[in-house]
Amino acid sequence: MERNIAQIALFAAMIAALGLVPQITLGFGVPITAQTLGVMLAGAVLGARRGAAAAGLFLLLVALGLPLLAGGRGGLGAFAAPTAGFALGFPVAAFATGFFVDHVRLRSAGLAAGLGAVFGGIAILYICGATGLSIVSGKSLAEAFTLIAVFIPGDLLKAAITGMLVQALAKVRPQTLAWHRDSASVTQTRL
């Protein structure tokens with residue numbers, strides 16, 4: 001129990017720390033940041049529920065006013081900005097990434113994590129982000145998706161980094177990965 005809480009807090013802190021990487025703000029108000037890498041890693045390493053909890057804890061801290069979003073933004077006003085859909089989509093994206101990794105068994109943990117990051121950290125997060133951008137900016141959903149398409153190359157790179165880091169972690173400390181712990185506990189229960 002304490003280990004889960006510590007891991008959730010650690011990944012929430014990592015998402016916050018990745019907000020310190022200088023952002024590049026685009027003309028329509030949505031910045032390119034490294035925080036989505038933290039969301040992808042949270043889901044891929046912690047699994048669906050714990051990854052979503054880490055991203056949810058991060059959002060709770062932002063809502064309480066801590067300036068943890070990229071560019072030092074925080075407080076409830078951050079959830080009315082063009083980036084609101086992305087921020088609110090962090091727990092959903094982490095859950096989807098973790099769900100993919102938890103349920104799609106591939107020979108390579110890195111490949112599963114990378115594909116999970118594409119599914120959760122790109123596809124699902126873009127749905128949330130485009131919806132929020134559409135609502136806040138008054139643009140159509142199609143226009144919002146067109147605007148955020150500029151993020152795809154960078155996010156594909158983040159998904160590849162997620163896969164490489166998880167593959168390295170699987171070799172060095174496989175017990176830290178949620179899917180490894182969960183499958184080990186199932187094996188121990190069956191014995």
Side-chain angles (χ1 to χ4, degrees), residues 11-12 15-16 18-44 48-49 51-63 67-104 106 111-164 166:
F11 275 82
I15 295 168
L18 287 169
L20 297 174
V21 175
Q23 68 180 14
I24 301 167
T25 303
L26 303 177
F28 53 94
V30 179
I32 297 172
T33 74
Q35 286 185 306
T36 52
L37 174 61
V39 172
M40 293 174 186
L41 284 167
R49 290 177 295 140
L57 174 59
F58 169 78
L59 286 184
L60 175 64
L61 296 172
V62 169
L68 301 177
L69 286 170
R73 295 171 298 122
L76 294 176
F79 299 109
T83 58
F86 284 98
L88 293 172
F90 281 3
V92 179
F95 183 89
T97 300
F99 187 85
F100 185 95
V101 173
D102 290 345
H103 290 87
V104 176
L106 299 175
L111 181 60
L115 291 174
V118 169
F119 171 68
I122 297 176
I124 299 300
L125 189 59
Y126 279 36
I127 291 169
C128 298
T131 302
L133 181 59
S134 175
I135 292 168
V136 171
S137 69
K139 297 187 180 306
S140 72
L141 202 52
E143 289 174 311
F145 272 111
T146 302
L147 287 172
I148 65 172
V150 70
F151 297 121
I152 293 173
D155 284 338
L156 287 172
L157 178 61
K158 293 174 200 171
I161 291 169
T162 297
M164 288 186 286
V166 168

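Keep in mind that this is a model prediction, so the values were computed, not measured.
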For Ala52 and Ala94 the tightest heavy-atom approach is N-CB, 3.9 Å
Please name all residues satisfying side chain to side chain contact (heavy atoms under 4.5 Å, CB included) with Ala70, sequence neighbours left out, ordered by chain then number. Gln23, Thr33, Gln35
Sequence neighbours left out, what pairs pass salt bridge (charged side-chain N to carboxylate O under 4.0 Å, His left out) with at least one residue falling in residues 77-100? none
Mind listing the closest non-hydrogen atom pair of Ala42 and Phe11 along with its distance? CA-CD2, 3.5 Å
How about Thr131 and Phe145: do any of their side-chain heavy atoms sit closer than 4.5 Å? no
Non-neighbouring partners of Ser140 that pass side chain to side chain donor-acceptor pair (under 3.5 Å), sequence neighbours left out: Glu143
Contact check, side chains of Leu88 and Cys128, non-hydrogen atoms, under 4.5 Å: no
With Ser137, which residues qualify under side chain to side chain contact (heavy atoms under 4.5 Å, CB included), at least two apart? Leu133, Lys139
With a cut-off of 6.0 Å (strictly less than), are more than 12 heavy atoms of other residues, nucleotides or ligands near CZ of Phe99? no
Identify the heavy atoms of Ala112 and Val101 that sit nearest to each other, and give their distance. O-CG2, 3.6 Å
Gap between atom CG of Leu41 and atom OG1 of Thr162 - 0.5 Å precision: 4.0 Å
Sequence neighbours left out, cut at 3.5 Å: what donor-acceptor pairs do the side chains of residues 113-127 make with other protein atoms?
from   : atom 1 : to     : atom 2 : distance (Å)
Tyr126 : OH     : Phe151 : O      : 3.2
Tyr126 : OH     : Ile152 : N      : 3.2
Tyr126 : OH     : Asp155 : OD2    : 2.6

Mind checking what makes side chain to side chain contact (heavy atoms under 4.5 Å, CB included) contact with Ala63, not counting sequence neighbours? Leu76, Phe79
Nearest heavy-atom approach of Thr83 to Ala78 is OG1-O, 4.3 Å
side-chain contact (heavy atoms from CB on, under 4.5 Å) between Thr97 and Val39, worked out: CA-CA 9 Å; Thr97 300; Val39 172; 5.9 Å; no
Heavy-atom pair with the smallest gap, counting every atom of Ala144 and Ala130: CB-O, 3.4 Å
Beyond-backbone contact of Thr36 with Phe86, side-chain heavy atoms, under 4.5 angstrom: no
Got a sec, which residues hit side chain to side chain contact (heavy atoms under 4.5 Å, CB included) with Ala84, two or more places apart in sequence or on another chain? none
